[in-house]
Structures are given as C-alpha cells and as structure tokens.
Asker: 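For reference, the structure I am asking about is given below.
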Amino acid sequence: MKILLVNDDGIDAVGLKTLAETLSGEHELYIVAPEAERSAFSHSVTIFRDIRYIKTAHETIESYSISGTPADCVKFTIIHLFKDAKPDLVLSGINSGPNLGSDIMYSGTVAAASEAVFLGIPAVAVSLGGFMAVDTCVRAHYKAREHYLEAAGFIKRNLNALYAIAKERTGEMLLNINYPVKVPFKGALFTKAGLNWYDDYFESGSEPDVVQLKGKPMPHALDESDCDVAAIKAGYAAITPLRLDRNHYEALAELRGKVELL
C-alpha cells in the first residue's frame with residue numbers, strides 16, 4: 001500500500017518517526033510534515049505567502065519538510081508533489097497527546113486527515129490519548145517511546161481493516177483514533193466524540209502587551225459511556241468516525257418550515 005505520513009508535531013517528532021519505522025518494509029511510505037510544530041493549527045492553509053519545501057535526509061523513505069500547516073502538507077502532496085501517483089491512504093500522527101471530544105476542532109492532526117478526505121483519499125488520524133495535570137493548554141508532550149511503539153503496533157496490526165473502513169466512505173468520513181496511555185490497554189471501541197472542557201485563562205507575558213493562553217482540563221459529568229473520552233479513561237483505544245458534512249439537517253428542516261426572515 002502507498003501511504004503518506006503527515007503530522008502536526010513536525011518532521012522530527014518521535015510519533016511520526018516511530019510510525020514510519022513500524023510500517024516500513026511492508027508498505028511504500030512517504031513523509032511530508034511541517035518543518036516545526038504546528039499543533040492546534042486546525043484546518044488552516046497557507047494562502048498569502050509562499051510555502052517552502054525541502055527534501056530531508058532519510059535512509060529509506062522519501063521525506064519532505066514544508067513551511068506550511070498540516071493541511072498544507074496533504075494538499076501540497078496530493079495535488080502537486082505526487083499528483084500523478086497519489087497515495088492509497090493518509091496516516092496523520094502519531095500525535096503527542098490526545099485529540100478527543102472538542103479537541104478535534106483545534107487539531108492539526110485531524111485536519112490533515114480531513115484534508116485528505118476532501119481530496120478523495122482515505123485517511124486515519126492517530127493520537128496518544130490520556131489526561132495529565134498540566135499548567136498549559138499546550139499539554140506536556142508524551143516522550144516515552146514505548147507509548148508510540150504500542151500505538152504504532154496497533155495501527156500495523158489493524159491497518160488493512162482500518163483502510164477498508166475508511167475507503168468504503170472515501171470523501172465522506174475519516175477515522176480519528178486515540179490510543180490509551182497511563183492505563184492498561186484493554187482493546188478497541190468504536191465511539192462517538194465526547195466533550196473536553198478546559199479552565200482557560202490568559203497570563204501576562206514577559207513583555208508589555210503580550211499574553212499566553214494557559215489552562216488545564218476541567219472535570220465534568222456530561223460525557224456518556226459510549227464516547228471517546230470515556231473509552232480512553234477505561235483503557236480502550238477510541239476509534240471515532242468523523243463526517244465532513246457539518247450540516248444540521250434536523251434544524252435545517254425545522255427552520256425552513258417555521259421561520260421566515262425579511
């Protein structure tokens with residue numbers, strides 16, 4: 001299988017390297033990743049400035065770093081760099097930290113997979129899921145390589161099945177996977193996305209007119225037992241199918257029938 005590996009943690013991230021090492025030898029791999037960390041860039045793309053790209057030194061995998069965003073990585077690869085030999089699958093990750101619940105809307109990892117689906121390529125986003133008491137909204141990164149090896153092994157064992165699921169709904173859906181850390185692995189569950197709340201605030205910086213966003217996860221009781229947040233806490237890998245269609249059809253039908261605006 002021809003697989004494009006991308007991420008939002010940057011070209012040198014341990015999660016990306018571990019996934020590449022785990023899958024190499026069995027698949028035709030390519031890497032296109034941001035030159036530096038682009039976490040929480042969501043689905044932003046570069047429009048009003050140039051994108052630089054550089055072929056990087058890698059022993060066995062054709063690899064490029066670019067100055068743009070995670071979504072740029074996918075768009076650039078599919079419609080320019082490899083436009084005549086598109087990948088069969090895009091894998092985004094392994095992200096250093098969870099992309100659960102409401103984190104999804106901020107995630108560059110999920111956005112890269114979404115961009116692939118927009119362009120007609122099956123895609124899977126992969127993150128390390130867990131909860132840690134930290135001071136900043138940019139949570140402390142997972143550094144232990146063993147966590148990435150476990151998550152990469154899970155992807156390798158289940159790659160054909162995940163690809164078949166994503167391919168069946170190409171253009172409509174991506175799979176968002178969070179692999180548990182800090183708790184024993186119990187298996188995998190298909191779940192819906194839950195909610196993550198944060199106690200956010202802005203702290204004054206070292207210079208005038210400079211602030212930094214701070215915060216930490218805030219407990220709440222709104223998550224149901226079949227959501228990704230609950231699954232991760234219980235030790236399961238959470239696999240969440242995400243639709244690209246963001247229309248609220250029930251509200252649309254109700255508004256068309258009941259509301260008139262002049």
Side-chain angles (χ1 to χ4, degrees), residues 1-97 99 104-128 138 141 145 148 151-152 155 159 163 166 170-171 174-177 244:
M1 192 184 309
K2 184 174 183 178
I3 302 174
L4 170 64
L5 302 180
V6 300
N7 73 352
D8 72 358
D9 289 329
I11 190 71
D12 294 320
V14 61
L16 181 69
K17 291 181 177 180
T18 304
L19 188 58
E21 292 168 7
T22 301
L23 297 179
S24 65
E26 296 185 15
H27 301 278
E28 184 182 353
L29 302 180
Y30 297 88
I31 296 173
V32 180
E35 62 188 6
E37 184 167 345
R38 300 287 187 268
S39 294
F41 268 55
S42 188
H43 208 131
S44 60
V45 294
T46 304
I47 299 176
F48 298 113
R49 62 182 185 276
D50 295 339
I51 298 176
R52 301 183 310 275
Y53 67 99
I54 300 172
K55 191 170 185 179
T56 62
H58 196 288
E59 293 181 1
T60 58
I61 301 172
E62 189 171 348
S63 176
Y64 299 83
S65 69
I66 76 169
S67 61
T69 68
D72 284 332
C73 292
V74 176
K75 187 182 291 290
F76 164 72
T77 302
I78 293 174
I79 69 176
H80 180 73
L81 187 63
F82 296 143
K83 63 181 179 180
D84 297 322
K86 296 179 181 179
D88 301 305
L89 175 69
V90 170
L91 287 178
S92 183
I94 300 169
N95 191 63
S96 177
N99 280 303
I104 291 168
M105 65 182 174
Y106 301 109
S107 171
T109 303
V110 175
S114 298
E115 182 64 30
V117 176
F118 276 135
L119 297 174
I121 307 298
V124 178
V126 188
S127 304
L128 292 182
V138 181
H141 282 190
R145 191 166 182 268
Y148 297 99
I155 295 300
L159 186 61
Y163 172 65
T170 299
L174 66 110
L175 293 177
N176 183 42
I177 299 177
L244 298 191

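Residues: numbered from 1 along the sequence shown.
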Asker: Rounded to the nearest 0.5 Å, what separation is found between the CD1 atom of Ile78 and the CG atom of Leu4?
Answerer: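 Rounded to the nearest 0.5 Å, the CD1-CG separation comes out at 6.5 Å.
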
Asker: Ignoring hydrogens, what is the shortest heavy-atom contact between His43 and Ser114? Give both atom names and the distance.
Answerer: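 Nearest heavy atoms, His43 then Ser114: CE1-CB, 3.7 Å.
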
Asker: Going from CG on Leu81 to CD1 on Ile66, what distance comes out if it is rounded to the nearest 0.5 angstrom?
Answerer: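 Leu81 atom CG to Ile66 atom CD1 measures 9.5 Å (nearest 0.5 Å).
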
Asker: What pairs of residues pass the salt bridge (Lys or Arg N to Asp or Glu O under 4.0 Å) test when at least one of them lies in residues 73-83, not counting sequence neighbours?
Answerer: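 Matches after skipping sequence neighbours: Lys75-Glu115.
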
Asker: Is it the case that atom OH in Tyr106 sees more than 12 heavy atoms from other parts of the structure closer than 6.0 Å?
Answerer: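 For Tyr106, atom OH is not crowded (no more than 12 foreign heavy atoms under 6.0 Å).
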
Asker: Roughly how far, to the nearest 0.5 Å, is the CD1 atom of Ile104 from the OG atom of Ser42?
Answerer: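 One gets 11.0 Å once the value is rounded to the nearest 0.5 Å.
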
Asker: Does Leu89 reach the side chain of Met1, with side-chain heavy atoms less than 4.5 Å apart?
Answerer: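 In contact.
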
Asker: Specify whether His80 and Tyr53 have parallel, tilted or perpendicular ring planes, treating 30° as the upper limit for parallel and 60° as the lower limit for perpendicular.
Answerer: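 Perpendicular.
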
Asker: How about Tyr148 and Leu19: do any of their side-chain heavy atoms sit closer than 4.5 Å?
Answerer: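 Side-chain contact under 4.5 Å: no.
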
Asker: Any chance you could lay out the side chain to side chain contact (heavy atoms under 4.5 Å, CB included) test for Leu244 and Leu174, step after step, and finish with the verdict?
Answerer: CA-CA 8 Å; Leu244 298 191; Leu174 66 110; 4.0 Å; yes

Asker: Which pair of heavy atoms, one from Asn95 and one from Ser127, lies closest together, and at what distance?
Answerer: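 Reported closest heavy-atom pair: CB-OG, 3.4 Å.
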
Asker: Roughly how far, to the nearest 0.5 Å, is the CZ atom of Phe41 from the OG1 atom of Thr69?
Answerer: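 Between atom OG1 of Thr69 and atom CZ of Phe41 there are 7.5 Å.
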
Asker: Under 3.5 Å, side-chain donor or acceptor atoms of residues 118-126 against the rest of the protein: list the pairs with distances, not counting sequence neighbours.
Answerer:
none

Asker: Would you name the heavy atoms of Tyr64 and Ile11 that are closest together and state the gap between them?
Answerer: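 Distance-wise, the nearest heavy atoms are O-CD1, 3.6 Å.
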
Asker: As an exercise, state the distance from CD1 of Ile177 to CD1 of Ile155, rounded to the nearest 0.5 Å.
Answerer: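 Here the rounded value is 4.0 Å.
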
Asker: Can you list the steps and then say if Ser65 with Thr56 is a side chain to side chain donor-acceptor pair (under 3.5 Å)?
Answerer: CA-CA 7 Å; Ser65 69; Thr56 62; over 6 Å; no

Asker: Lys86 versus Lys2: any side-chain heavy-atom pair under 4.5 Å?
Answerer: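 Of all side-chain heavy-atom pairs linking Lys2 with Lys86, none is under 4.5 Å.
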
Asker: Please tell me whether Ser96 and Asp9 have a donor and an acceptor in their side chains that are separated by less than 3.5 angstrom.
Answerer: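 Checked: Ser96/Asp9 side chains show no N/O donor-acceptor pair below 3.5 Å.
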
Asker: To the nearest 0.5 Å, what is the distance between CG (Asn99) and CG (Leu128)?
Answerer: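 Output value for this atom pair is 10.0 Å.
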
Asker: When you look at Leu159 and Ile3, which way does the side chain to side chain contact (heavy atoms under 4.5 Å, CB included) test go after all the steps?
Answerer: CA-CA 11 Å; Leu159 186 61; Ile3 302 174; 3.8 Å; yes

Asker: Taking the side chain as every heavy atom from C-beta outward, state whether Thr60 and Leu29 have any pair of such atoms under 4.5 Å apart.
Answerer: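 No. Closest side-chain heavy atoms not under 4.5 Å.
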
Asker: Hey, are the side chains of Ile51 and Phe76 touching, using non-hydrogen atoms and a 4.5 Å cut-off?
Answerer: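 Side chain of Ile51 against side chain of Phe76, heavy atoms only: no contact under 4.5 Å found.
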
Asker: Is there a donor-acceptor pair under 3.5 Å between the side chain of Asp72 and the backbone N or O of Thr46?
Answerer: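 It does hold such a pair.
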
Asker: Considering only residues two or more places apart or on different chains, which pairs with a residue in residues 12-22 satisfy salt bridge (Lys or Arg N to Asp or Glu O under 4.0 Å)?
Answerer: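 Qualifying pairs: Glu21-Arg145.
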
Asker: Taking all atoms of both residues into account, what is the closest heavy-atom pair of Ala151 and Ile94, and its distance?
Answerer: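 So the two residues come closest at CB-CD1, 4.0 Å.
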
Asker: Could you tell me which non-hydrogen atom of Gly108 sits nearest to which non-hydrogen atom of Asp8, and how far apart they are?
Answerer: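 Residues Gly108 and Asp8, closest heavy atoms: N-OD2, 3.4 Å.
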
Asker: Please name the pair of heavy atoms, one in Ser92 and one in Ala113, separated by the smallest distance, quoted to 0.1 Å.
Answerer: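 Answer, listing the atom of Ser92 first, then Ala113: CB-N, 4.3 Å.
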
Asker: Between Arg38 and Asn7 (side chain of the first, backbone of the second, donor and acceptor by atom type, cut-off under 3.5 Å), is there such a pair?
Answerer: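 Between the backbone of Asn7 and the side chain of Arg38 there is no qualifying donor-acceptor contact (under 3.5 Å).
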
